[in-house]
Amino acid sequence: MRQRLEGLLRQALTRSKEGGALKLESLPPLIFEIPRDSKFGDLASTVALGLAKSERMKPRDIAQLIIDHIDDPDELIADTEIAGPGYINFRFSSNFWRRCLMDLETDACGIADQGQGRKVLVEFVSANPTGPLHVGHGRGAVLGDGVSRLLAATGYSVTREYYINDAGKQIDTLAASSLARLRQAFGEECDIPEDGYPGEYLVELMTEQRDTALAQIAAEVKAPVPEGASAVAAFLDEHGDVAARVCGELAATLLLARIVDDMSALAVQMDTFVSERELRDKGVVGKALDELQSAGFLYEEDGARWFRSTDFGDEKDRVIERSDGALTYFAADIGYHREKLSRGFDELIDIWGADHHGYIARVAASLRALGADAERFRVLLVQLVRLTRGGEPVRMGKRSGEFVTLREVVDEVGADATRFFFLMRKGDSQLDFDLDLAVKQSSENPVFYVQYAHARICSIFRQAESDGLTIPDAESAPLHRLEAATEQELIKTLAIYADTVAEAAAEREPHRVVFYLTDLAARFHRFYNQERVMVDDAELSAARLCLARSTQIVLRHGLKLVGLGVPETM
RNA sequence: GCCCUCGUAGCUCAGUUGGAUAGAGCACAGGAUUCCUAAUCCUGGGGUCACAGGUUCAAUUCCUGUCGGGGGCACCA
């Protein structure tokens with residue numbers, strides 16, 4: 001809707017300028033709003049208010065000038081009025097609404113191609129493969145997926161990537177913990193390391209993989225597989241390092257597979273997986289550091305190597321190589337992000353937990369130092385989820401071993417309800433997830449409200465079909481018969497779908513689509529309760545069937561856009 | 001101590017990027033179905049937009065400060 005009026009207004013402004021009526025050093029942003037009260041028209045613009053100062057004219061006079069310069073050959077605008085301090089209120093003709101509905105019947109549902117094929121890499125979840133995903137990861141997964149879907153729908157070429165942190169201390173810890181569990185699986189008395197991962201999932205995993213693991217270790221050291229508890233214990237003592245490595249790799253691989261499975265239960269799919277270890281082995285990290293070195297951004301101090309990130313807006317310099325010679329996590333991240341850019345992406349989006357926000361400045365600094373435009377890197381923070389049960393906080397963490405896994409929640413409340421719950425909130429707002437409440441309310445989750453609207457429409461169409469009625473398309477439907485207030489409101493809501501998606505994509509905020517869908521469903525339910533779709537008047541029925549079809553199109557498109565199911569019956 | 005972020009109805013949250021009388025769901029009270037799905041709809045009460053200044057014709061929105069919640073300030077990952 002906005003897009004259509006924008007063209008006309010922009011033209012009017014250009015003509016005013018050419019005719020000398022307005023100076024217009026630059027074309028002002030065209031800000032529209034949908035008036036709360038329909039007596040102020042269908043859409044209002046504040047352009048004239050914004051121009052008052054630079055033009056040194058009264059806003060109302062400017063508004064009049066603009067209106068006088070509008071050229072509207074298709075008669076899309078039925079009426080304009082200048083109101084209040086200088087609003088221009090537009091009322092549209094049935095022609096206009098017809099075009100909006102016709103837009104919805106196109107492949108892209110009238111959504112503009114903002115992305116123009118620009119390549120975007122969205123990196124999200126990227127949880128260490130040291131345990132199952134927990135509820136907090138779910139939020140990042142759903143947000144990253146939602147943003148990806150939004151960008152894909154608006155013309156971007158999107159790649160979803162998972163960065164596997166399979167190097168470094170956490171993996172060493174996993175290796176030691178899983179080796180201990182392996183020993184236990186063979187009947188040995190063995191405690192897991194003090195700061196290891198105590199979770200039950202490792203016990204299950206290593207018990208199940210007991211023989212596989214032992215066979216792999218034996219193969220690596222080219223020794224026969226030991227038999228009997230004491231022989232196994234002696235064998236593992238002798239080849240402790242290899243055993244730990246094999247256990248760690250085995251556990252990481254299987255845990256990652258489980259993570260992938262957990263994500264797909266939430267309808268989240270990745271396109272690519274990148275391994276930190278592989279990047280390091282391929283020399284990607286070293287190359288990036290060499291570049292920084294030769295550009296003069298690295299220096300030695302206190303026996304460590306530092307990156308002069310303060311030159312690029314960070315608040316302090318950062319260590320990239322510790323005095324013991326080990327590279328820091330940050331060094332790996334520099335290499336990874338450089339590698340992402342080298343793959344030809346126009347834009348990198350990272351989705352991080354809010355506890356990493358202090359990290360943004362240094363990664364951005366490293367990219368700038370490597371010559372990349374800072375605009376191309378953007379981090380979306382997702383606030384941590386505070387898990388409660390009956391109002392009491394649930395302590396969680398791999399360290400404590402207590403877990404509420406994402407999978408448990410999805411199994412209990414369902415994928416759609418879980419997705420909707422996360423997508424209803426802006427990513428940067430804090431979120432309490434009450435387990436008891438989530439289960440209790442899963443049956444009244446608003447997602448069903450939206451899906452029910454779609455199912456209802458399908459039901460109407462089943463009825464229409466058995467009555468031998470056909471649904472006209474928007475071009476030929478007698479839309480002038482849709483005069484009821486509920487019908488008008490519904491049409492207007494349908495007309496702003498493409499605008500809503502465009503804004504949501506531009507802001508990377510999927511929750512806007514979710515709110516829109518809830519609003520659309522509400523308007524449809526209202527219409528449905530007040531008017532009968534199929535009535536004796538064939539023309540009126542045709543118009544209402546068309547309206548229902550348009551609503552169905554948008555509901556289906558919108559539900560898919562946020563990754564939700566589109567049921568035909570409920 | 002410094003930095004980031006949030007503070008809107010009893011609760012959970014939106015608020016069209018600075019515009020007209022601040023909205024929705026839940027909860028609470030009452031009502032609607034001879035007919036396309038009642039997982040629906042209608043009516044009602046509820047607010048100093050944390051607080052105080054500032055910018056502006058116009059501030060919930062931008063700036064500064066105060067208070068409060070959360071997070072971050074490692075040769076950790």
Side-chain angles (χ1 to χ4, degrees), chain A residues 2 29 31-37 39-40 44-46 49-50 52-53 58-59 83-87 89 128 130 165 167-171 173 301-306 315-316 318-330 332-333 353-361 381 383-384 386 421 424-426 428-432 434 437 441 443-453 455-464 466-467 486 496 499-500 503 506-507 511-512 514-516 518-519 521-522 524-535 541 544-545 548 569-570:
Chain A
R2 224 159 278 207
I31 294 162
F32 298 109
E33 57 176 52
I34 296 170
R36 254 184 283 286
D37 192 329
K39 77 181 181 209
F40 294 126
S45 174
T46 57
L49 289 164
K53 190 168 265 181
K58 289 180 189 157
Y87 295 101
N89 296 339
N128 296 343
T130 53
N165 294 126
K169 205 171 112 189
Q170 305 218 18
I171 289 294
T173 307
E301 195 173 293
D302 301 333
R305 257 166 111 205
W306 298 70
E315 56 186 16
K316 58 201 282 192
R318 308 291 174 177
V319 172
I320 51 124
E321 185 179 341
R322 302 189 308 215
S323 50
D324 65 6
L327 292 177
T328 59
Y329 185 82
F330 177 44
D333 251 350
D355 53 336
H356 285 71
H357 89 260
Y359 213 76
I360 299 173
L381 291 180
Q383 283 287 342
L384 302 185
R386 257 195 13 204
F421 186 85
M424 270 195 313
R425 270 85 178 172
K426 237 178 358 192
D428 61 6
S429 61
Q430 283 163 218
L431 171 59
D432 288 337
D434 193 291
L437 215 58
Q441 292 185 344
S443 62
E444 49 200 60
N445 187 296
V447 71
F448 301 119
Y449 181 81
V450 179
Q451 290 176 327
Y452 182 52
R456 256 187 166 169
I457 294 170
C458 292
S459 171
I460 295 170
F461 290 166
R462 282 191 293 271
Q463 180 70 43
S466 72
D467 292 353
T486 52
I496 59 167
D499 299 327
T500 305
E503 286 159 15
E507 301 298 327
H511 78 276
R512 293 176 184 239
V514 167
F515 275 89
Y516 170 85
T518 310
D519 185 50
F524 178 78
H525 286 309
R526 209 167 295 157
F527 156 71
Y528 178 91
N529 270 276
Q530 191 172 310
E531 313 288 343
R532 251 191 93 74
V533 175
M534 285 170 291
V535 287
S541 295
R544 287 179 175 164
L545 281 169
T569 57
M570 284 178 75

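The structure displayed is predicted, hence computed values, not measured ones. Residue numbering restarts at 1 for every chain, and letters A, B, ... go by the order of the sequence lines.
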How is [X] classified with respect to the nucleic acid when contacts are heavy atoms under 4.0 Å: base, sugar-phosphate, or nothing?
| X | value |
| --- | --- |
| K39(A) | base |
| A304(A) | base |
| H356(A) | base |
| T500(A) | nothing |

Quick check: any donor-acceptor pair below 3.5 Å linking the side-chain of [X] to the base of [N]?
| X | N | value |
| --- | --- | --- |
| H357(A) | G71(B) | yes |
| K426(A) | U5(B) | no |
| R526(A) | C41(B) | no |
| N89(A) | A20(B) | yes |

Task: Closest nucleotide among U40(B), A77(B), U16(B) to the E33(A) side chain - done: U16(B)
TODO: Measure from the side chain of R2(A), starting at C-beta and using heavy atoms only, and say which of U16(B), C73(B), A20(B) lies closest.
DONE: U16(B)
Task: Complementary nucleotide of G45(B), counting Watson-Crick and G-U pairs under 3.5 Å - done: none
Task: Integer-rounded Å distance: C41(B) P and F527(A) CZ - done: 14 Å
